[in-house]
Protein chains: 2
Amino acid sequence: MKTDTVFKRAFNDTLDLIAELRDGDALPSENALSVRLNVSRTTVRKVLAMLTEQGGVKGSGRQRHVRSTVATSRRFAEAETVPLSAQVEKGFMEWMLRDNARPGTTINELELARQFGVATTSIREFLNRFQRFGLIERRPNAGWDFKGFTTSFALELFEIREMFELRSAMAFAALSDDSPLWRQIEALREEHLSLLNEIDRRYHDFSDLDNRFHRLINSARSNRFIDDFYDIITLIFHYHYQWNKRDERQRNEVAIREHLTYIEALLSRSRAMVELACRAHLTSARETLIRATAR
Amino acid sequence: MKTDTVFKRAFNDTLDLIAELRDGDALPSENALSVRLNVSRTTVRKVLAMLTEQGGVKGSGRQRHVRSTVATSRRFAEAETVPLSAQVEKGFMEWMLRDNARPGTTINELELARQFGVATTSIREFLNRFQRFGLIERRPNAGWDFKGFTTSFALELFEIREMFELRSAMAFAALSDDSPLWRQIEALREEHLSLLNEIDRRYHDFSDLDNRFHRLINSARSNRFIDDFYDIITLIFHYHYQWNKRDERQRNEVAIREHLTYIEALLSRSRAMVELACRAHLTSARETLIRATAR
DNA sequence: ATTTGGTTTATTATGGACAAAAGCCAATAA
DNA sequence: TTATTGGCTTTTGTCCATAATAAACCAAAT
């Protein structure tokens, strides 16, 4: 059966939304809510039905209004709002990076399914999509081969990353002066500066900024295969950062400074400077990742 | 239930194998057969059991020998030996390339399942793996978006292909003189020449040669992401060639000549020549593909 | 030391069932 | 006359069941 995480997340979001209304205010229409919450109207109706039952919403049809003071409906726990696919992804990354799964291990769908408490279907679906990340390989009728989060994985990953990013950075530098991307990158420079200013307190905010920065560069000349490839980088770094906290503050500070140099180079439009700054940054990012891999 | 295409293919292959033996010859051991046929001993035993029952094989244990003259067991039809996953792939490619599915179409799993006569599970599995080809995109809880086999798909594909192939070709040219790849590429040159010689009769053999040629170049410096990417090229060209026969002989002859120039350039070790030949060939390959895409 | 038989066990591939979520159309209120 | 709602249908996500395949075991035989 499908999980109802969509409904539960929508329910919680609706509570947040209601919290901003005053007692007696009219609710937005079902269609409006469906757009706001990013779910179908069917789900909106289910949410409203439950809220009405619990007394958080009064009336029916076009006469629906909020009773925020009276009924404080209980939110669903965060865990109940995360889609099964995301849970499986997390479980697998954990198995791989935290438990340090050995290169060459055969992945057993059944075992993972039991371990994560889901049906094999969901594991299979995940593995089939995860295959493109280059860490596993299917052996028909005989499971999957885990190739390992190894140094050579990191090297191959960065070889491609460097090709792609250099190309995008060059395209960025060649952008016409009236491109909106210039304003965006200047805004990102400000964000970098202010993060650097409060680095001690906010260093863990870097991960998100990093992602937005590189995706902005890629967007200078969009190519679906490059965008897809960047998903791999994003995923790997997401979990890698999350579980490898050693020197995080230090690492991030260095990276921010590299980004700033990189941004200056882009703003200068000098191809040589861009190439230099881009290469320097990727080299240090590669070193960071390699230090976390298995030999 | 699983299909028994593995068994049926193994059975047919065993018949071929037996055909090369003489009446009364001893059969290879079960283990040897399992290696030859690329299946488990369990399946080998099932094959042998059936053959024995049908009289194609006499005796048991170590005293098993062939009765090729007597019993001519019937082969299974080719269609019964192709794995379901391959059938689904073919069906989908047909839907896409032959029926000219419109960009923006929503892919309906249920409908495809009915159309192909398989369960939705198999369709989903295919789509999840096919996603990396950049032609479809998942919209959670709402099917898949078919992005279309469009000109911009071809352009993006070739932008990456050119980056990858140039890099590999350079690595190839820089190979040390004692690398075994030099002999391999010279062998390929001979194959090209002999194909060119009989082009009128054998022009459809080019597709396979083309594939081996480019994969050889990629192997100069192996990178899993590049190898994976070449799978996309292979698949697209496989079906494209199969259904778009217009000017096939002419197209292939041109491509063979381009390959030969390309090979000469590699053998010359001149970076400039290699770049020129590589670019020229890819440009013409791109044109060919673009002519087949939707606007 | 290898091979087979006889069994048993484990895992993968595929169909099917069903609730959740999305989508559709006509009736209705503003 | 247009947005909104109610009733209904279709599709997706997930579980489970089961046959095909792989794999393991071990004793007997060459």
Side-chain angles (χ1 to χ4, degrees), chain A residues 1-10 27-34 37-49 60-64 83-85 87-88 106-114 117-128 138-144, chain B residues 1-10 26-34 37-49 59-64 83-85 87-88 106-114 117-128 138-144:
Chain A
M1 204 211 321
K2 259 181 148 169
T3 56
D4 56 356
T5 54
V6 170
F7 161 70
K8 287 175 174 164
R9 185 193 54 74
L27 270 178
S29 79
E30 293 177 357
N31 281 314
L33 282 174
S34 127
L37 300 168
N38 238 305
V39 295
S40 71
R41 192 158 72 88
T42 305
T43 302
V44 169
R45 289 200 258 182
K46 201 171 154 193
V47 168
L48 291 181
S60 73
R62 258 152 272 225
Q63 259 79 41
R64 261 195 293 245
L84 194 62
S85 56
Q87 296 174 42
V88 170
T106 295
I107 293 170
N108 185 320
E109 295 177 2
L110 213 54
E111 192 183 312
L112 286 185
R114 281 191 294 248
V118 301
T120 50
T121 320
S122 306
I123 300 289
R124 258 168 161 276
E125 170 144 350
F126 170 78
L127 293 173
N128 274 314
R138 181 203 217 105
R139 268 178 303 124
N141 292 311
W144 302 75
Chain B
M1 201 213 321
K2 258 184 152 169
T3 56
D4 55 356
T5 55
V6 170
F7 162 70
K8 286 175 174 166
R9 186 193 53 75
L27 270 178
S29 80
E30 291 178 357
N31 281 314
L33 281 174
S34 131
L37 300 168
N38 239 304
V39 295
S40 70
R41 185 154 78 99
T42 307
T43 302
V44 170
R45 290 203 253 183
K46 201 172 155 194
V47 168
L48 291 181
S60 70
R62 255 153 276 225
Q63 260 77 44
R64 259 198 294 245
L84 195 62
S85 57
Q87 296 174 44
V88 170
T106 296
I107 293 170
N108 185 319
E109 295 177 2
L110 211 56
E111 192 183 311
L112 286 185
R114 281 191 293 247
V118 301
T120 51
T121 321
S122 307
I123 300 288
R124 265 168 99 64
E125 168 141 353
F126 170 77
L127 293 174
N128 274 313
R138 182 203 216 103
R139 269 177 301 126
N141 292 310
W144 302 75

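Heavy-atom basis, side chains included; hydrogens, waters and symmetry copies ignored.
- Between the side chain of R9(B) and the backbone N or O of L37(B), at least one donor-acceptor pair lies under 3.5 Å.
- Protein atom CG of L48(A) is 13 Å distant from nucleotide atom C1' of dG6(D), rounded to whole Å.
- Contact annotation for T106(A): no contact, since no heavy-atom pair falls under 4.0 Å across all strands.
- Between L48(A) and L27(A), some side-chain heavy-atom pair lies under the 4.5 Å cut-off.
- Listed candidates were dA20(C), dT14(D), dA22(D). Nearest to the side chain of D4(A) is dA20(C).
- Checking dT21(D), dA23(D), dT14(C) against the side-chain heavy atoms of A142(A) singles out dA23(D) as nearest.
- Nearest to the side-chain atoms of M1(B) among the listed nucleotides dA19(D), dT12(C), dT5(D) stands dA19(D).
- Of the listed nucleotides (dA21(C), dT28(C), dT3(C)), dA21(C) has the atom at the smallest distance from the side chain of S40(A).
- Of the two residues near DNA chain C, R41(A) and N141(A), the one whose nearest nucleotide lies more 5' is N141(A).
- For R45(B), the listed nucleotide lying nearest its side chain is dG6(C); candidates were dA22(D), dA21(C), dG6(C).
- Between the side chain of T42(A) and the base of dA21(C) there is no donor-acceptor pair of N/O atoms closer than 3.5 Å.
- Once rounded to the nearest 0.5 Å, the distance linking CG of L33(B) with OG1 of T43(B) reads 12.0 Å.
- Comparing dT11(C), dA29(C), dA21(C) by their closest approach to the side chain of R114(A) singles out dT11(C).
- Counting any heavy atom pair closer than 4.0 Å across all strands shown, T120(B) reaches no nucleic acid atom.
- Residue S85(A) is out of contact with every strand shown, counting any heavy-atom pair closer than 4.0 Å.
- Across all strands shown, T43(A) has heavy atoms under 4.0 Å from sugar-phosphate atoms exclusively, and none from any base.
- Residue T3(B) places at least one side-chain N or O closer than 4.0 Å to OP1 or OP2 of dT14(C).
- Residue Q63(A) has a polar side-chain atom (N or O) positioned under 4.0 Å from OP1 or OP2 of dA30(C).
- Residues R114(B) and L110(B) meet the side-chain proximity criterion, which asks for heavy atoms closer than 4.5 Å.
- The side-chain heavy atoms of N128(A) and W144(A), taken from C-beta on, include a pair separated by under 4.5 Å.
- Although no hydrogens or angles enter the test, the distance criterion places a donor-acceptor pair under 3.5 Å between the side chain of N108(A) and the main chain of E111(A).
- One can place CZ of R138(A) at 10 Å from P of dT12(C), the figure rounded to the nearest angstrom.
- When distances run from any side-chain atom of E30(B) to the nucleotides dA22(D), dT11(C), dT4(C), the shortest one goes to dT4(C).
- One interatomic measurement links the two molecules: NZ of K2(A) to P of dG13(D), which rounds to 6 Å at whole-angstrom precision.
- For L33(B) and dT2(C), the CG to P distance is 18 Å, given to the nearest whole Å.
- Mapping K46(A) and R139(A) onto DNA chain C by nearest heavy atom places R139(A) at the nucleotide closer to the 5' end.
- Distance, I123(A) CD1 to dA10(C) P: 19 Å, rounded to whole Å.
- The separation between N108(A) atom CG and dT9(C) atom P is 17 Å, rounded to whole Å.
- Rounded to an integer number of Å, the gap from CG of N128(B) to C1' of dT14(D) is 13 Å.
- In this structure, L110(B) places its CG atom 13 Å from C1' of dG13(D), rounding to the nearest Å.
- Within the 4.0 angstrom heavy-atom criterion, only backbone atoms of the sugar-phosphate kind lie near S29(A); the bases stay farther away.
- The side chain of T121(B) sits closest to dT14(C) out of dA21(C), dT11(C), dT14(C).
- The phosphate of dC15(D) (OP1 or OP2) has a side-chain N or O of S122(A) nearer than 4.0 angstrom.
- In this structure, S34(B) reaches neither bases nor backbone, as no heavy-atom distance under 4.0 Å exists between it and the strands shown.
- Residues K2(B) and L84(B) fail the side-chain proximity criterion, which asks for heavy atoms closer than 4.5 Å.
- Comparing A119(A) and P140(A), the nucleotide of DNA chain D nearest to each residue sits closer to the 5' end for A119(A).
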